[in-house]
Amino acid sequence: MVTADFVIRHARQVLTCAGPAPRRGAAQRVASSISDGVVASRAGRIVFTGSETEFQGSVQATADAVIVDAGGGTVVPGFVDPHTHVIYAGDRREELRRRLAGATYAEIAAEGGGILSTVRATREATEEELIESARPRLAEMLRCGTTTAEAKSGYGLETAAELKMLRAIRHLAGSQPIDLVATFLGAHEIPREYRDRRQAYLDLLTGEMIPAVAGESLAAWCDVFCETGVYTPGESRAILEAGARAGLRPRIHADELAASGGSDVAADVGARSADHLLFVQPTSADRMAEAGVVATLLPAAAFYLKLGRFAPARMLIERGVAVALATDLNPGGGFTPSMPFVITLACFGMGMTLEEALVGATINAAYSLGRDGDLGSLEPGKLMDAVIVAGEAVDLIRVGAPAITRVVKNGRVVV
Ligand code: NIG
Ligand code: FE
């Protein structure tokens, strides 16, 4: 008998997503279903996942245990959102209206909009303002079932402002329910004042920012926006290698707007994840599979940027690349906090099955952040992070309907 202080009972189905990570190829669609299921935890860690019959013989609930009745709904792991720009100041909804009238992302950026407009606002904001403006966004993400998220810097592009963003992330990580994993993205753009001397900015990134971030242990990951007109593959490699030497593990924005070499850089430096990948070529996918790079796909960004295509998820899965899903929440083109909406786009825009998308939003996303030992599936030893869906898991794709009835984080009902 094990004891439990928190139990979810009467689920028509528990999709545990249990098993080894990352899940690639045919394993991407193994979401492991238990009918009439129960999940139980003690002190925030799962101690039991199984059927009602097994539960009765093997788990003893403590006298003050919290028992949650899933009401015949479905339980899935809490969603892990492995790519967000949730910390920022300012407002770019005007860009959205312009895109609706036909302007492209590149045109808007060339006119001083885009990332650099958020940089101006973020530099002016205080750490406190960044924290307070992010809270309602994180609360929305939580309501949509996200229990862990990555959060990037990258709207400072100067040492003090990058550190300010990362300190805001650290503060938020300890003061609201979502677990946050911080990524240093000083290489999100070339700041305006360095446009004529980019090498000086590269030197600042590698010589000052990365050591400062690592010195304060403010980030786990280092990221680069590798794209035509932003960072070249050679520059990206140098930045990620400098990050790795300082203990920041590499991940990369790759092949979003063109086949610009980012996925090959990911394979070369052994990045854990290459993200976006709308234009990734089959030969690069093979190199990613061989190097164990996860493809983190962000179909909501492609949707809101009106890119007219999605990443080739089927090609990636067929070539043995593990696929994770993320929102890309950001002020310019990441207008949804919702992993269920991302799952929906993955199914209807990228041809993934519901199980593949669910695995992509949970265990593979946890692996993308190096947190699969603790997160991403409902199995003993992991954190009790769960989402209760009214009805079946497929009801998650009913965009706009309140399909999620409860969100559990560390064995506590938080929504
Ligand atoms: O992931 N591609 C670069 N970065 C973001 C966009 C950020 C922004 O527009 O502010 C992305 O899509
Ligand atoms: Fe991004």
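Note that ligands are numbered from 1 as they come in the structure, with each ligand's atoms numbered from 1 the same way.
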Ionic contact status for Lys152 with Asp223, cut-off 4.0 Å: yes

Residue pair Thr183 / Glu150, side-chain donor-acceptor N/O under 3.5 Å: yes

The Fe ion (ligand 2) to nearest N/O/S of His253 less than 2.8 Å: yes

For residues 295-312, please give each side-chain donor-acceptor pair under 3.5 Å, one per line with the distance, not counting sequence neighbours.
{"unit_1": "Thr296", "atom_1": "OG1", "unit_2": "Ser273", "atom_2": "OG", "d": "2.7"}
{"unit_1": "Thr296", "atom_1": "OG1", "unit_2": "Ser368", "atom_2": "OG", "d": "3.3"}
{"unit_1": "Lys306", "atom_1": "NZ", "unit_2": "Arg99", "atom_2": "O", "d": "3.1"}

Qualifying residues under salt bridge (charged side-chain N to carboxylate O under 4.0 Å, His left out), relative to Glu193, sequence neighbours excluded: Arg123

Test side chain to side chain donor-acceptor pair (under 3.5 Å) applied to Ser133 - qualifying residues, sequence neighbours left out: none

Angle in degrees, rounded to 10°, that NE2 of His83 and NE2 of His85 form at the Fe ion (ligand 2): 100°

Residue contacts for ligand 1, heavy atom to ligand atom, distance under 4.0 Å: His83, His85, Arg92, Tyr105, Ile115, Tyr155, His188, Phe225, His253, Glu256, His276, Asp328, Asn330

Of Asp255, Thr283, Asp268, the residue whose pairing with Ser263 passes side chain to side chain donor-acceptor pair (under 3.5 Å): Asp255

Glu162 side-chain N/O to Ala160 backbone N/O, donor-acceptor pair under 3.5 Å: no

